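As the structure is a prediction and not an experimental result, all values here were calculated from the model.
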Amino acid sequence: MQRRPQRVLAASAAALTAVTLAACASSDRDSGEGGEGGEAQSGGTLVFGAAGDPAMLDPAFGSDGETFRVARQIHEGLLGNELGGTEPVPELAEDYEVSEDGLEYTFNLRQGVTFHDGTDFNAEAVCFNFDRWYNFEGLATSPSASYYYQAVFGGFASTPDTPSIYESCEATDESTAVIRLTQVTSKFPSALALPAFSIQSPEALQQYDADNLSGSEDALSYSEYALEHPTGTGPFKFESWDRGNGEVTLVRNEDYWGDAPLLDEIIFRTIPDGNTRRQELQSGAIDGYDFVAPADYQSLEDDGFQVLVRDPFNILYLGFNGGNVPGTQANPALQNPQVRQAIAHAIDRETIVNSLLPEGAEAATQFMPPTVDGWADDVTTYDYDPDRARQLLQEAGAEGTTLRFYYPTEVSRPYLPDPAAMFQVISQNLTDAGFTIEPVALPWNPDYLNAVQAGQADIHLLGWTGDYNDAYNFIGTFFAEASNGQASAEFGAFSNPEIFAALAEADAEPDASARTEQYQEANRLIMDYLPGVPISHSPPALVVADNVEGLEPSPLTAEVFSTVSITD
């Protein structure tokens with residue numbers, strides 16, 4: 001795989017730099033060709049099979065793919081993602097300028113744009129949204145409610161002990177919004193392409209009490225706005241949500257500012273089981289679905305369906321819990337670096353890639369794909385070597401160490417299409433190297449995810465699809481200091497001050513070239529320390545019927561449907 005060229009959106013600390021984003025959003029979207037003579041056919045209904053229900057439809061509180069799949073059609077942010085790629089491109093901002101110190105961003109906004117309720121999009125609306133996020137209170141400040149705001153910006157006005165990188169937003173005129181930060185971060189502005197930072201109608205947010213969350217952190221109840229009145233500027237408008245039948249219906253936004261969407265209507269129909277999704281497509285009940293099993297690629301293509309394979313932008317890994325965090329139940333033998341190295345040498349990544357993953361998958365050497373700046377080609381690697389694994393175990397005095405190996409059921413993820421098969425191969429690898437494996441299989445949500453976060457597993461399978469093209473979005477998510485000298489809950493048992501410092505330094509570096517080198521060094525430190533084993537990068541696929549045209553697969557799983565048409 002070729003390395004990606006330097007991103008065009010990096011802030012420059014040399015001078016006040018006008019960053020003009022060359023691609024315009026409307027032209028990025030203008031690729032829906034279909035029908036006879038290559039002309040896109042307008043009209044019709046697309047029924048898409050989703051693997052799960054959205055949690056709700058206010059993207060500020062979203063953190064899951066099914067919520068964002070729907071939200072992307074309704075809402076837009078200052079930046080979006082290039083069609084079929086990972087680079088940020090203009091959306092509601094036409095361009096922006098960055099101050100010399102990297103702390104002030106001046107966004108020049110599109111004019112003549114309206115929200116779905118008919119109110120105007122302008123700089124005041126932008127600042128209303130940024131101030132809304134910063135001023136969340138109560139349950140809205142819990143990680144389960146506002147995960148992405150906290151991951152990018154940090155704390156809130158109501159949490160002075162947790163600093164925020166957000167300082168203010170000022171509408172200097174109707175089409176200019178100036179956002180000021182308290183510190184430089186590599187996450188900004190690229191993260192603004194996330195659906196969580198969509199600009200929503202201030203009037204609708206207030207009218208339908210959008211910030212009124214109830215319940216508990218583990219069982220949130222959302223507002224009338226989030227369930228019945230999501231209001232953005234996107235190419236499709238919310239029509240209805242039939243929760244009993246698991247169907248969300250969107251209709252074309254006739255007043256859309258960009259190229260008019262071609263479909264009249266989109267129905268997202270929840271079909272949790274992958275085999276059922278395939279059967280519904282084959283019967284004609286739906287027009288497409290996501291998370292196609294690799295074993296189904298060829299048969300679906302033979303039947304005339306289009307299997308749309310995304311470029312890999314994810315990581316599957318085997319996570320460790322060394323048990324030095326109070327309350328966890330994991331195996332302290334994993335604190336011994338030789339035991340961790342033995343596990344790494346025991347895993348046959350090439351066989352996994354060739355036998356369990358779709359064509360185009362590749363073995364991973366670190367916890368981010370090679371297309372992200374900061375990937376290092378000289379990290380310590382751990383080739384498949386069962387003899388070396390056994391030797392390391394013997395030297396550590398840990399022969400026969402029992403590992404509780406957790407893996408999920410009732411799920412298929414972009415990086416992990418068949419968890420049970422993956423468990424079987426890795427379990428046999430570890431057994432051959434001299435470990436004793438105790439399997440624990442749990443349903444994905446909430447049992448498995450809760451157990452992993454609580455530190456109940458010795459080792460576990462998990463992964464991550466990048467949200468945007470930045471090294472911190474991968475290795476910072478896993479290994480940066482979260483609180484009290486600990487990393488994220490999943491990797492907290494392996495908190496490392498040297499890695500914390502390297503990640504913090506890289507994130508705050510305004511010079512793009514220097515930042516890339518710093519992230520490379522962070523990757524070297526991580527792979528020397530080995531808090532887990534990166535396994536693979538996999539190209540997941542979605543599938544559509546032969547008469548569906550213009551759907552561009554996204555490495556971020558961030559497909560937009562405004563370019564889609566259906567032919568007779």
Side-chain angles (χ1 to χ4, degrees), residues 21 23-35 38-50 54 57 59 65-94 110 112-116 121 192-195 197-201 230-239 248-269 286-290 306 308 310 542 544-545 547-567:
L21 303 175
C24 85
S26 60
S27 64
D28 274 327
R29 295 190 181 96
D30 189 16
S31 65
E33 295 182 354
E39 294 183 1
Q41 302 299 302
S42 182
T45 297
L46 177 81
V47 182
F48 192 85
L57 299 175
E66 298 303 339
T67 293
F68 287 158
R69 190 195 306 278
V70 179
R72 278 188 184 91
Q73 321 310 320
I74 302 171
H75 303 285
E76 296 172 309
L78 295 178
L79 304 180
N81 295 116
E82 65 177 335
L83 199 65
T86 61
E87 294 298 322
V89 297
E91 204 157 68
L92 294 176
E94 293 184 323
R110 295 191 185 277
V113 178
T114 58
F115 292 103
H116 297 159
F121 163 79
L192 296 184
L194 288 168
F197 303 119
S198 299
I199 305 302
Q200 305 183 66
S201 163
T231 308
T233 60
F236 293 94
K237 301 191 296 185
F238 176 78
E239 176 74 7
V248 176
T249 301
L250 311 181
V251 297
R252 176 164 49 195
N253 176 13
E254 301 290 353
D255 299 319
Y256 185 54
W257 61 268
D259 291 339
L262 302 173
L263 296 167
D264 292 326
E265 185 179 60
I266 306 171
I267 297 174
F268 293 99
R269 180 174 298 162
I286 63 175
D287 300 299
Y289 68 88
D290 203 351
Q306 303 175 69
L308 307 176
R310 303 174 173 107
L542 38 72
V544 293
N547 65 336
V548 175
E549 300 290 342
L551 181 58
E552 186 73 26
S554 165
L556 304 169
T557 65
E559 286 79 22
V560 294
F561 290 79
S562 57
T563 60
V564 174
S565 62
I566 297 179
T567 60

Indicate yes or no for a side-chain donor-acceptor contact from [X] to the backbone of [Y] under 3.5 Å, with no hydrogens or angles considered.
| X | Y | value |
| --- | --- | --- |
| Gln306 | Ala545 | yes |
| Glu94 | Pro90 | no |
| Glu82 | Glu87 | yes |
| Asp287 | Val47 | yes |
| Arg310 | Ser554 | yes |

What heavy-atom pair brings [X] and [Y] nearest, and what distance separates the two atoms?
| X | Y | answer |
| --- | --- | --- |
| Asn253 | Gly234 | ND2-O, 3.0 Å |
| Leu250 | Phe268 | CD1-CE1, 3.8 Å |
| Thr563 | Leu262 | O-CD1, 3.8 Å |
| Asn81 | Ala193 | ND2-CB, 3.6 Å |
| Thr86 | Pro555 | CG2-CB, 3.9 Å |
| Asp264 | Arg252 | OD1-NH2, 2.5 Å |

How long is the gap from [atom1] on [X] to [atom2] on [Y], to the nearest 0.5 Å?
| X | Y | atom1 | atom2 | result |
| --- | --- | --- | --- | --- |
| His116 | Tyr256 | NE2 | OH | 8.5 Å |
| Phe115 | Thr231 | CZ | OG1 | 9.0 Å |
| Ile199 | Leu78 | CD1 | CG | 4.5 Å |
| Glu76 | Ser198 | CD | OG | 8.0 Å |
| Arg69 | Thr67 | CZ | OG1 | 10.5 Å |
| Ile566 | Leu46 | CD1 | CG | 5.0 Å |

- For Tyr289 and Val544, run side chain to side chain contact (heavy atoms under 4.5 Å, CB included): C-alpha distance rounded to whole Å, both residues' side-chain angles, the deciding distance at 0.1 Å, then the answer. CA-CA 7 Å; Tyr289 68 88; Val544 293; over 6 Å; no
- Query: How far apart are the C-alpha atoms of Thr567 and Glu549, what are their side-chain angles, what is the distance that settles it, and do they pass the side chain to side chain contact (heavy atoms under 4.5 Å, CB included) test?
  - Reply: CA-CA 8 Å; Thr567 60; Glu549 300 290 342; 4.2 Å; yes
Do the non-hydrogen side-chain atoms of [X] and [Y] ever get within less than 4.5 Å of each other?
| X | Y | answer |
| --- | --- | --- |
| Arg72 | Pro59 | no |
| Thr45 | Ile267 | yes |
| Thr233 | Ile74 | no |

- Query: For Thr249 and Glu239, does a side-chain donor sit closer than 3.5 Å to a side-chain acceptor?
  - Reply: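 Side chains of Thr249 and Glu239: no pair found under 3.5 Å.
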- Message: Under the criterion side chain to side chain contact (heavy atoms under 4.5 Å, CB included), I'd like the reasoning laid out for Phe236 against Ile266: C-alpha separation, chi angles, the key distance, then a yes or no.
- Response: CA-CA 8 Å; Phe236 293 94; Ile266 306 171; 3.7 Å; yes
- Item | By ring-ring contact (aromatic ring centres under 6.0 Å, His included) - contacts of Phe68 (at least two apart) |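 If we apply the ring-ring contact (aromatic ring centres under 6.0 Å, His included) test to Phe68, skipping adjacent residues, the hits are Tyr148.
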- List for me each residue that meets ring-ring contact (aromatic ring centres under 6.0 Å, His included) alongside Phe48, sequence neighbours excluded, and say none if there are none.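 Counting only residues at least two positions away or on another chain, Phe48 forms a ring-ring contact (aromatic ring centres under 6.0 Å, His included) with Phe561.
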- Task: Go through Leu79 and Glu91 one step at a time and tell me if the side chain to side chain contact (heavy atoms under 4.5 Å, CB included) criterion holds.
- Result: CA-CA 5 Å; Leu79 304 180; Glu91 204 157 68; 5.6 Å; no
